[in-house]
Q: 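I'd like to ask you about the structure that follows.
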Amino acid sequence: DTGRGLALTTDGNHRWCAVNPRVGAAMTVAESVLNLACVGATPQALVNCLNFGNPENPVVMWQLSEAVDGMAEACHAFQLPVIGGNVSLYNESQGTNIDPTPVVGVIGLIDELTAVPPGLSWNEGDRIILLGPEANGLCGSAWAFQKGHRRGSLEMMDFDLHQRVCELTRDLVAKSLVTGLHDVSSGGLGVCAAEMAIHSGIGCTLARIPDHISFFSESPSRVLVAVNSEVIPEVEELVTQYDVPHARIGLAHGDTFTVKNLLSVSVPDLQKKWNSRLVDALDGGTAQG
């Protein structure tokens, strides 16, 4: 009856926190805030579950302390109260501690829910725009961990820029200026764009992707948006108003997922791989609908 809507997200990323538990925990909170912005919601409160190894180990105790500090810094920056949570310690396997894995749940409020939020799809002919700063390294990314690179450094977040990206994203959703959108997080821009192609059944051509770092980096504060060409001037006016970096990087069209000078894959092949992933992970077991 109020016309309002509630949004809920849960997030965690052990890879970021294994590299730097303080920055990783802050990035986890920031990802939750951005996830809510992608459906037009403003965050209201946070709960957490802090999963760590044996705290009698000085390194693990340091990880826990750093993660709490990072979460506190992010919550303070976003004016987000922590209203509950729990701690799970002594998580280890055969004497090896798990990576620090703080998980957060954040609830958000949509003041006026008049339409279904855009979601992870685009239409034929949409322009594809990347909101936010340029990618900054591969440390802590899924790509790096698959290659066995578990170290490196994460830069402290620019909370002010992240807040502007979230406010811009909420505004774009509220004004129905985007066909679809997806925050760039696990897997980087490549996985983000591939998921949008898979869900919409429409391919794309992406340009201005110079290398695998830009494609797989999980740098924060970035959103991929699909925009009808007729409203691009309105979108770019808002982008300028919020002082958010952006780049036009491609076009949604056809049935092939193409990245100039890097790769070309048919959308049906992407969809097949996506839909069979659980079966493949279970070593060829049968899946029943």
Side-chain angles (χ1 to χ4, degrees), residues 9-35 48 50-53 57-75 77-78 91 96-104 130-166 182-195 206 208-224 244-247 249 259 262-263:
T9 182
T10 56
D11 292 284
N13 191 309
H14 69 96
R15 298 186 310 275
W16 297 343
C17 296
V19 173
N20 187 319
R22 185 171 190 153
V23 177
M27 288 173 60
T28 299
V29 174
E31 182 185 356
S32 285
V33 173
L34 187 52
N35 281 339
N48 61 62
L50 306 180
N51 306 285
F52 289 81
N57 182 316
V59 172
V60 173
M61 192 66 240
W62 172 82
Q63 291 172 339
L64 175 59
S65 176
E66 287 289 288
V68 170
D69 286 345
M71 185 177 298
E73 289 167 357
C75 288
F78 302 132
N91 294 290
T96 300
N97 291 298
I98 66 165
D99 288 333
T101 312
V103 177
V104 301
L130 181 62
L131 306 177
E134 293 185 4
N136 180 26
L138 288 165
C139 294
S141 68
W143 185 93
F145 270 51
Q146 286 179 358
K147 300 295 183 181
H149 301 297
R150 295 175 53 88
R151 297 186 181 276
S153 61
L154 299 175
E155 289 191 7
M156 275 301 297
M157 285 199 57
D158 184 335
F159 292 121
D160 181 65
L161 173 58
H162 191 83
Q163 185 78 297
R164 297 200 309 274
V165 171
C166 291
H182 191 350
D183 69 304
V184 178
S185 55
S186 183
L189 174 61
V191 171
C192 173
E195 287 183 355
L206 301 180
R208 301 185 66 179
I209 311 293
D211 51 33
H212 67 292
I213 296 176
S214 298
F215 202 51
F216 293 118
S217 173
E218 297 179 13
S219 296
S221 312
R222 297 183 297 152
V223 183
L224 194 66
V244 168
H246 74 290
I249 65 169
V259 182
L262 283 179
L263 59 86

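All figures in this text were calculated on a predicted structure; none of them were measured in a lab. Because only heavy atoms are used, hydrogens play no part in the values below, and waters and symmetry mates are left out as well, while side chains stay in.
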Q: So, for V104 and S32, which heavy atoms are closest and what is the spacing to 0.1 Å?
A: CG2-OG, 3.3 Å

Q: Could you tell me whether the side chain of E218 and the main chain of A142 form a donor-acceptor pair under 3.5 Å?
A: yes

Q: Test your reading of the model: is there a side-chain donor-acceptor pair from N51 to the backbone of P102, 3.5 Å cut-off?
A: no

Q: Would you say that P220 contacts V165 through its side chain, given a criterion of any heavy-atom pair below 4.5 Å between the two side chains?
A: no

Q: What are the two closest heavy atoms between A25 and C17, and how far apart are they?
A: N-SG, 3.6 Å

Q: Please round to the nearest 0.5 Å and tell me the distance separating atom CG of N35 and atom OG of S185.
A: 6.5 Å

Q: Please enumerate all residues that pass ring pair (Phe, Tyr, Trp, His ring centres under 6.0 Å) together with F159, with sequence neighbours excluded.
A: F78

Q: Identify the two heavy atoms, one from G70 and one from A26, that lie closest to each other, and give their separation to 0.1 Å.
A: O-CB, 3.5 Å

Q: Can you pull the salt bridge (charged side-chain N to carboxylate O under 4.0 Å, His left out) pairs that have at least one residue in residues 136-154, sequence neighbours excluded?
A: D99-R150

Q: Distance check, rounded to the nearest 0.5 Å: T10 atom OG1 versus N48 atom CG?
A: 13.0 Å

Q: Atom CZ in F145, atom NE2 in H14: separation rounded to 0.5 Å?
A: 6.5 Å

Q: For a side-chain contact (heavy atoms from CB on, under 4.5 Å) check, start with the C-alpha distance between E155 and N136, then their side-chain angles and the critical distance, and finish with the verdict.
A: CA-CA 9 Å; E155 289 191 7; N136 180 26; 3.2 Å; yes

Q: Determine whether L262 and L206 satisfy the following criterion, side-chain contact (heavy atoms from CB on, under 4.5 Å), listing intermediate values before the conclusion.
A: CA-CA 10 Å; L262 283 179; L206 301 180; over 6 Å; no

Q: Is there a side-chain contact between N91 and T101, using heavy atoms and a 4.5 Å cut-off?
A: no

Q: Do N13 and E31 have a side chain donor and acceptor closer than 3.5 Å?
A: no

Q: Can you tell me if S221 and H162 form a side-chain donor-acceptor pair at under 3.5 Å?
A: yes

Q: Between the main-chain N or O of S214 and the side-chain N or O of D211, is there a donor-acceptor pair closer than 3.5 Å?
A: yes

Q: What's the verdict on side-chain contact (heavy atoms from CB on, under 4.5 Å) for S217 and R222, showing C-alpha distance, side-chain angles and the deciding distance?
A: CA-CA 11 Å; S217 173; R222 297 183 297 152; 4.1 Å; yes

Q: Looking at side-chain heavy atoms only, is the closest gap between V184 and L130 below 4.5 Å?
A: yes

Q: Quick check on side chain to side chain contact (heavy atoms under 4.5 Å, CB included): which of V60, N97, I98 does F52 satisfy it with?
A: V60

Q: Can you tell me how far CD1 of I249 sits from CD1 of I209, rounded to the nearest 0.5 angstrom?
A: 4.5 Å

Q: Between CG of D11 and CG of D183, what distance do you get to the nearest 0.5 Å?
A: 8.0 Å

Q: With rounding to the nearest 0.5 angstrom, report the OG to NE2 distance, S141 to H149.
A: 9.5 Å

Q: For G24, does its backbone N or O pair with a side-chain atom of T28 as donor and acceptor, under 3.5 Å?
A: yes

Q: Give the ring-plane orientation class for W143 versus H212, where under 30° counts as parallel, over 60° as perpendicular and anything between as tilted.
A: tilted

